[in-house]
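Data first, discussion second: the structure below is written as structure tokens.
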Amino acid sequence: MSAPAASAAASSPDSPVAPARAAWRELAGRLVREKPLGAAGAIVFALFLLCGLLAGALAPYGINETHLAHRLEPPSLTFLLGTDQLGRDVFSRVLHGARLSMIVALLAAGFSTVISVVLGLLSGYFGGWVDQLTQRFVDAWMVFPGLVLLIGAISIVGPGLGQIVVILSLLYGIAGSRVVRGAALGVQGQTYTLAARSLGARPLYVLWRHVLPNVMPVVLVLFTTRLGAVILAEAGLSFLGLGVPPPAPTWGGMLSGDGRTYMYVGPWLAIAPGLSLTAVVFAVNVFGDALRDLLDPKMRGIR
Amino acid sequence: MRTFLLRRLLAAIPTLLIVSLIVFFAIRLIPGDVIDLMLAQNDIATGTDRARIEAALGMDRPLVLQYVVWLGGALRGDLGTSLWQNTPVTAQIAERLPISFELGLLAMLVALLFAVPIGVYSAIRQDTAGDYLTRSFSLLMLAIPGFWLGTLVMVFPSVWWRWAPPLDYTPFFADPVANLAHMLVPATLLGLSLSAVTMRMTRTMMLEVLRQDYIRTARAKGLSEGVVIVRHALRNGLVPVVTLVGLQAPILIGGAVIMEQIFVIPGMGLLLLEAVFQRDYPVISGVFLVVGIAVLSINLLVDLSYALLDPKTRRA
């Protein structure tokens, strides 16, 4: 593990804050210099994040504000991306859709990564029957296709923003624990971990102080790849009518339901939500790939 | 070879058991008021009352006993009865499974026909404009949601040329041409999105193989480049690709749900969606169990094909 974050944290146990910041800066510098495309992806993703954050201020109209005299109008200066069958401004709805997508992405990718880390570290560090039991469960869990599992889970807990975040976190968290476990297995045989253990350090201390910093690159890559996956999964669920219920402006929802019948009259309705979705997922994937190449060459090609 | 097979088969049994546990106990998580909701949704339907639903879900007996009864039934091919239609779940699945199977097979075919030649091309012409183009395309295919692609294919040809993909399902044996005409568009879309990863994998593997000594030897012998690529490189490079195609089965099944919904194909995906919207839990758990078994079997087949293609793994 020669990753900057890891080596910085390991070399100066007394003041981990300043070197950590330097490591982040170094990583950002390498990203821009060695992987300009990945850096561009990060910028595009940040722009979407900003759109989501400022949706309320940027959107010219309210999300459910109807203009009955202007139903199904093509894009114009008044309605940048046209209007839908109820006379709602598509541009405003796409902006607010970005907000929903970003909320789901950050929360679900974040929680799922935490779940992966906890499960993966415990499984990899303790080994034995804990590991066996966890891994057999993960095996069985991964048998189910992601979307199918999500659909089944929604059938039990019902649709809604909170439910979706929880389910996505569980789905990707459990599946991702494999990756963290593998990394933790590699670290736990290292001399410094053994030294800490033989000095009588408690397991939680060793995990927190030695194992976690050294699997951090893997965790970071995991988090970024999850962002794209989670956005796509939420959109797929909303498309199937199992996501955040209408009239919430989800990108997936805008492409399904009532809107579909009107797309033949107003084809612009079919463009903006899908294009936004593709752009943000493309950007975050490119960024994730670049990050993986920089931090963890061994993970290349795994998705 | 036989011990290898046997060991893999045995290793699948605990996984299958845990799969059945997950499927079974997930249904127990249904909150009680959902049953009231189910009754309200279907009040005029069949005179179903609360007790009947609870009995059909097996909620009227102790948990462990329920599981044993359910598992015993499943082993005999009895997955219970649909809550709203008086048909056995197994019969419904038997009717829908071949349709999804056909869609999946066609999609896989499209994916391979598309991904392997392009992946090989990309590897041979590494770092040329063509290579960059195909790699960007594969990255793009990973980002485009299938349902958007499907929507575009439905909407724009109809707006521009007054043509839309057919949406009427015809059984294959009734009219193969009509059946394939209906399946063609969704299978192609599904195959294209699958091909993204396969293409990347083919390229990576070919690059690795092309650097090997035996390729240099083959070239030094004076073999034509075509023979070197197809006979020597491709055959070795494809082994991991086969594994990957198998590992993509879950992605394929997930994507099929979306395509079946858009193109009105009455397969397992549509069955699952219908069941979810009607809260028909016996059907949902049945579909889950069958999907789980299907994926496990595919994994097993992948292991087997791996052993056949690469003799080194046979003894492992």
Side-chain angles (χ1 to χ4, degrees), chain A residues 37 41 132-133 136-158 228-229 231-233 235-236 238-242 251-252 255-256 259-260 263-267 269-271 273-275 277-286 289 300-301 303, chain B residues 14-23 26-27 29-31 34 37 139-140 142-149 151-152 154-156 158-160 164 197 200-201 204 249-258 261-262 269 272-273 275-277 279 281 284-285 287-288 291-293 295-296 299:
Chain A
L37 204 66
Q132 277 299 318
L133 209 68
R136 290 296 77 75
F137 178 74
V138 176
D139 272 344
W141 184 262
M142 285 170 70
V143 159
F144 297 111
L147 191 66
V148 172
L149 203 61
L150 287 171
I151 293 172
I154 293 291
S155 83
I156 291 171
V157 299
I231 294 174
L232 275 182
S238 296
F239 176 79
L240 292 174
L242 297 165
W251 288 340
L255 290 170
S256 76
R260 279 185 87 75
M263 280 173 195
Y264 297 93
V265 191
L269 292 174
I271 300 287
L275 205 58
L277 205 50
T278 308
V280 73
V281 174
F282 186 74
V284 81
N285 280 354
V286 172
D289 278 1
R300 212 171 287 170
R303 191 160 273 281
Chain B
T15 315
L16 194 59
L17 266 178
I18 302 176
V19 164
S20 74
L21 279 170
I22 294 178
V23 170
I27 298 297
L29 293 175
I30 305 166
V34 166
L37 208 87
L139 268 178
L140 190 68
L142 281 174
I144 295 186
F147 61 83
W148 187 44
L149 219 54
T151 306
L152 293 181
M154 290 294 295
V155 170
F156 282 90
S158 133
V159 171
W160 289 333
V197 182
R200 284 172 79 155
M201 187 77 167
T204 315
I251 307 172
L252 180 70
I253 295 171
V257 176
I258 299 256
Q261 153 91 352
I262 296 180
L272 176 65
L273 284 174
V276 164
F277 283 113
R279 296 181 178 275
Y281 291 108
I284 298 176
S285 56
V287 170
F288 262 73
V291 166
I293 293 172
V295 173
L296 274 176
N299 288 349

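Within every chain, numbering begins at 1; the chains are lettered A, B, ... in the order of the sequence lines, protein sequences first and strands thereafter.
- B:I284 touches chain A through its side chain: at least one heavy atom from C-beta onward sits under 4.5 Å away, while N, CA, C and O do not.
- Neither the backbone nor the side chain of B:T204 comes within less than 4.5 Å of any heavy atom of chain A.
- Shown are B:I22, B:I18, B:T15; of these, the side-chain contact (heavy atoms from CB on, under 4.5 Å) with A:W141 is made only by B:I22.
- Ranked by non-hydrogen atom pairs under 4.5 Å with chain A, the options B:L273, B:I251, B:V291, B:N299 are led by B:L273.
- Scanning all heavy atoms of the two residues, the minimum distance from B:P145 to A:L277 falls at CG-CD2, 3.5 Å.
- Between the side chain of B:W148 and the backbone N or O of A:A270 there is at least one donor-acceptor pair closer than 3.5 Å.
- Between the OH atom of B:Y281 and the CD1 atom of A:I156 there is a distance of 6.5 Å, given to the nearest 0.5 Å.
- For the pair A:T278/B:L140, a side-chain contact is recorded, criterion being any heavy-atom separation below 4.5 Å from C-beta on.
- Taking both residues in full, the closest heavy atoms of B:L142 and A:L232 are given as O-CD1, 3.8 Å, listed atom of the first, atom of the second, then distance.
- Annotation: side chain to side chain contact (heavy atoms under 4.5 Å, CB included) contacts of A:V284 (sequence neighbours excluded): A:F45, A:L227.
- For A:P145 against B:G254, the heavy-atom pair with the smallest separation is CB-N, 4.1 Å.
- Across A:L240, A:L149, A:D139, the residue that shares the most heavy-atom pairs under 4.5 angstrom with chain B is A:L240.
- When side chains are defined from C-beta on, A:I154 does not count as touching B:V276, because their heavy atoms never get closer than 4.5 Å.
- With chain B as the partner, the residue from A:L37, A:I151, A:I231, A:L150 showing the most heavy-atom pairs under 4.5 Å is A:I151.
- Taking the six-membered ring where tryptophan is involved, the planes of A:F144 and B:F288 are tilted, since the angle between them lies from 30° to 60°.
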